[in-house]
Engineer: 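First, the structure itself, so that you have it in front of you.
Worth knowing before you read on, the calculation uses all heavy atoms, side chains too, and leaves out hydrogens, waters and symmetry mates.
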Amino acid sequence: MNTRLFCFAIFIAATFNICGHARTLEANGHKTLSPDRAPEGLPRSDWQSIRAAYDAGRHAFQPVGDGWQARNPGQQWLTRFDRHGFTVTPDVGGWTWGLELVGYGEAIGVRQEAGRISYARADGLTEWFVNDAKGLEQGWTLANRPERAGPNGPVRLDFKVRGGLRPQVSPDGGSLGFQNASGGAALTYGGLKAWDADGYTVDVRFVEGVAGSPSIGVVVDDAEAKYPITVDPIAQQAYLKASNTGEADHFGYSVSVSGDTVVVGAPQEDSNAVGINGNQANNLSVSSGAAYVFTRSGSVWMQQAYLKASNAGALDGFGYSVSVSGDTVV
């Protein structure tokens with residue numbers, strides 16, 4: 001599955017589904033229909049078509065100047081694309097960020113279609129973007145081994161970092177963090193994966209860029225691969241983990257978002273704590289369950305509360321379903 005920015009593992013700025021049921025929601029004292037529920041008198045298939053057209057319009061690429069731009073309502077950021085790279089400007093946070101592919105020159109062809117834009121570059125490389133309710137996804141497709149890579153060794157793509165964020169590659173090369181001037185994490189570029197023409201996984205990793213320069217590289221080991229090869233990382237504004245991560249806790253089983261507050265359920269969490277911010281240091285109440293509250297300040301997400309039932313008991317599954325509206329969590 002081509003998982004994109006932004007589904008919960010945890011990726012903020014996604015479309016969240018609370019338990020998958022159509023329901024009536026309370027908004028400012030008024031009842032409003034869930035997006036999954038058709039208005040009375042309208043066939044569900046028609047309502048789904050209307051919703052699809054609405055979402056496509058909100059995520060469409062628009063021509064601007066000598067390039068394009070697209071807004072992602074879920075991520076709350078605007079991205080501008082040119083023939084060299086892209087630049088992201090979020091609604092909040094006071095930073096900009098982007099990447100510019102180095103060594104392949106200006107795009108020699110642009111193709112724009114519903115929710116997708118592709119830039120053809122030299123040496124059979126295509127850079128593409130998909131903008132939808134899951135988030136903005138970027139990737140590269142190599143039609144053949146680039147001549148500039150030479151006959152031996154892995155293929156490397158190098159990128160100049162745009163904006164004021166500083167890159168930091170994880171020890172395993174699987175993710176890439178971008179920090180603001182104060183050292184806070186503004187976003188993470190992770191979930192890096194690649195596959196070949198037969199669908200087999202290809203080893204790929206992030207590497208440090210040129211010393212003294214805000215740049216990064218992507219190394220693709222194509223020794224056993226059949227071209228074309230597709231490389232597809234995931235950009236995310238936040239990566240959330242529980243303060244007491246445990247195997248099989250099912251953190252992210254349920255999620256609810258209200259403004260700058262996110263509540264995440266972990267129904268298989270095992271501590272015997274009760275109430276708010278109790279002792280997380282044991283696993284004495286199997287699958288009693290928990291919920292975690294995260295709040296955003298600027299571009300930084302922090303865990304605000306660790307929630308347990310007042311009468312937590314084994315197998316209760318607390319956090320199986322969660323909901324938040326303003327300052328109220330259920």
Engineer: Any side-chain heavy atom of Gln62 sitting closer than 4.5 Å to one from Trp68?
Structural biologist: no
Engineer: I'd like to check Glu208 versus Ile216 (side-chain heavy atoms, cut-off strictly below 4.5 Å). Are they in contact?
Structural biologist: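 Result no, sub-4.5 Å side-chain heavy-atom pair not found.
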Engineer: Within the side chain of Ser49, is there an N or O that forms a donor-acceptor pair under 3.5 Å with the backbone of Ser45?
Structural biologist: yes
Engineer: Measure across Gln138 and Leu99 and return the closest heavy-atom pair with its distance rounded to 0.1 Å.
Structural biologist: OE1-CD1, 4.1 Å
Engineer: Please name the pair of heavy atoms, one in Ala194 and one in Ile229, separated by the smallest distance, quoted to 0.1 Å.
Structural biologist: CB-CG2, 4.5 Å
Engineer: Kindly give the heavy-atom pair with the smallest separation between Asp222 and Pro154, and that separation in Å.
Structural biologist: OD1-CA, 4.4 Å
Engineer: If you measure only the distance, is there a donor-acceptor pair under 3.5 Å linking the side chains of Asp232 and Thr230?
Structural biologist: no
Engineer: Would you check if the side chain of Thr126 reaches a backbone N or O of Ala120 as a donor-acceptor pair within less than 3.5 Å?
Structural biologist: no
Engineer: Suppose the criterion is salt bridge (charged side-chain N to carboxylate O under 4.0 Å, His left out): which pairs have a residue in residues 284-295, not counting sequence neighbours?
Structural biologist: none
Engineer: Would a distance-only check, ignoring hydrogens and angles, find a side-chain to backbone donor-acceptor pair under 3.5 Å from Asp123 to Leu125?
Structural biologist: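 No: the side chain of Asp123 does not pair with the backbone of Leu125.
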Engineer: Which residues pass the side chain to side chain donor-acceptor pair (under 3.5 Å) test with Asp203, not counting sequence neighbours?
Structural biologist: none
Engineer: If you group Ile, Leu, Val, Met, Phe, Trp and Tyr whenever their side-chain heavy atoms sit less than 4.5 Å apart, what else falls in with Val207?
Structural biologist: Val219
Engineer: Hey, does the side chain of Thr79 reach the backbone of Val88 with a donor-acceptor pair shorter than 3.5 angstrom?
Structural biologist: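 No; zero donor-acceptor contacts below 3.5 Å.
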Engineer: Can you list every pair that meets salt bridge (charged side-chain N to carboxylate O under 4.0 Å, His left out) and has a residue in residues 149-159, with sequence neighbours left out?
Structural biologist: Arg156-Asp158
Engineer: Can you list the residues that meet the salt bridge (charged side-chain N to carboxylate O under 4.0 Å, His left out) rule with Arg166, with sequence neighbours excluded?
Structural biologist: none
Engineer: Suppose the criterion is salt bridge (charged side-chain N to carboxylate O under 4.0 Å, His left out): which pairs have a residue in residues 71-95, not counting sequence neighbours?
Structural biologist: Arg71-Asp91, Asp82-Arg162
Engineer: Does any N or O in the side chain of Ser288 come within less than 3.5 Å of the main-chain N or O of Ala314, such that one atom is a donor and the other an acceptor?
Structural biologist: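 Not confirmed, Ser288 side chain does not pair with Ala314 backbone.
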Engineer: Please check: side-chain N/O of Asp196 versus main-chain N/O of Lys226, any donor-acceptor pairing under 3.5 Å?
Structural biologist: yes
Engineer: Show me the donor-acceptor pairs, under 3.5 Å and distance only, between side chains in residues 263-271 and residues at least two apart or in other chains.
Structural biologist:
residue, atom, partner, partner atom, Å
Gln268, OE1, Ser287, OG, 2.7
Glu269, OE1, Ser271, N, 3.4
Glu269, OE1, Lys308, NZ, 2.7
Glu269, OE2, Asn244, ND2, 2.9
Glu269, OE2, Ser271, N, 3.4
Glu269, OE2, Ser271, OG, 3.2
Glu269, OE2, Tyr306, OH, 2.6
Asp270, OD1, Ser287, N, 2.6
Ser271, OG, Ala273, N, 3.3
Ser271, OG, Tyr306, OH, 2.5

Engineer: Looking at residues at least two apart in the chain, or sitting in another chain, which of them share a side chain to side chain donor-acceptor pair (under 3.5 Å) with Asn272?
Structural biologist: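 Asn272: side chain to side chain donor-acceptor pair (under 3.5 Å) contacts with Asn282.
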Engineer: Going by side chain to side chain donor-acceptor pair (under 3.5 Å), name the residues that satisfy it together with Asp66, two or more places apart in sequence or in a different chain.
Structural biologist: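 Per chain and number, Asp66 pairs via side chain to side chain donor-acceptor pair (under 3.5 Å) with no residue.
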Engineer: Between Asp249 (side chain only) and Gly246 (backbone N and O only), is there a donor and an acceptor less than 3.5 Å apart?
Structural biologist: yes
Engineer: Evaluate the ring planes of Phe61 and Phe81, with Trp represented by its six-membered ring, and classify them as parallel (under 30°), tilted (30 to 60°) or perpendicular (over 60°).
Structural biologist: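 Because their plane-to-plane angle lies in the 30° to 60° range, the rings of Phe61 and Phe81 count as tilted.
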Engineer: How close do Val324 and Thr261 get, heavy atom to heavy atom, and via which atoms?
Structural biologist: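 Residues Val324 and Thr261, closest heavy atoms: CG2-CG2, 4.1 Å.
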Engineer: Would you check if the side chain of Ser254 reaches a backbone N or O of Gly319 as a donor-acceptor pair within less than 3.5 Å?
Structural biologist: yes
Engineer: Mind jotting down which residue pairs meet the salt bridge (charged side-chain N to carboxylate O under 4.0 Å, His left out) criterion with at least one end in residues 101-112? Sequence neighbours excluded, please.
Structural biologist: Arg111-Glu113
Engineer: Please find the pair of heavy atoms, one from Gly41 and one from Pro43, that lie closest to each other, and give the distance.
Structural biologist: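 Closest pair (atom of Gly41, atom of Pro43, distance): O-CD, 3.9 Å.
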Engineer: Between atom CG of Leu176 and atom CZ of Arg205, what is the distance when rounded to the nearest 0.5 Å?
Structural biologist: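 Going from the CG atom of Leu176 to the CZ atom of Arg205 covers 14.0 Å.
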Engineer: Sub-3.5 Å donor-acceptor pair from the side chain of Asp316 to the main-chain atoms of Gly313, do we have one?
Structural biologist: yes
Engineer: Are any of the side-chain heavy atoms of Trp195 and Thr201 separated by less than 4.5 Å?
Structural biologist: no
Engineer: Which label fits Tyr119 and Phe129: parallel for a plane angle under 30°, tilted from 30 to 60°, or perpendicular past 60°?
Structural biologist: perpendicular
Engineer: If you define the side chain from C-beta out and look only at heavy atoms, does anything of Leu307 sit under 4.5 Å from Tyr292?
Structural biologist: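 Of all side-chain heavy-atom pairs linking Tyr292 with Leu307, none is under 4.5 Å.
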Engineer: Going from OG1 on Thr89 to CD on Gln69, what distance comes out if it is rounded to the nearest 0.5 angstrom?
Structural biologist: 10.0 Å
Engineer: Looking only at heavy atoms, what is the nearest atom pair of Val202 and Val220, with distance?
Structural biologist: CG1-CG1, 3.7 Å
Engineer: Mind checking side chain to side chain donor-acceptor pair (under 3.5 Å) for Gln179 and listing every partner two or more places apart, or none if nothing turns up?
Structural biologist: Gln168
Engineer: Under a 3.5 Å threshold, yes or no: a donor from one side chain and an acceptor from the other, between Trp128 and Thr141?
Structural biologist: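 Note: Trp128 and Thr141 side chains meet the donor-acceptor criterion.
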Engineer: According to ring-ring contact (aromatic ring centres under 6.0 Å, His included), does anything in residues 130-152 pair up with another residue at least two apart or in another chain? List the pairs.
Structural biologist: Trp140-Phe159
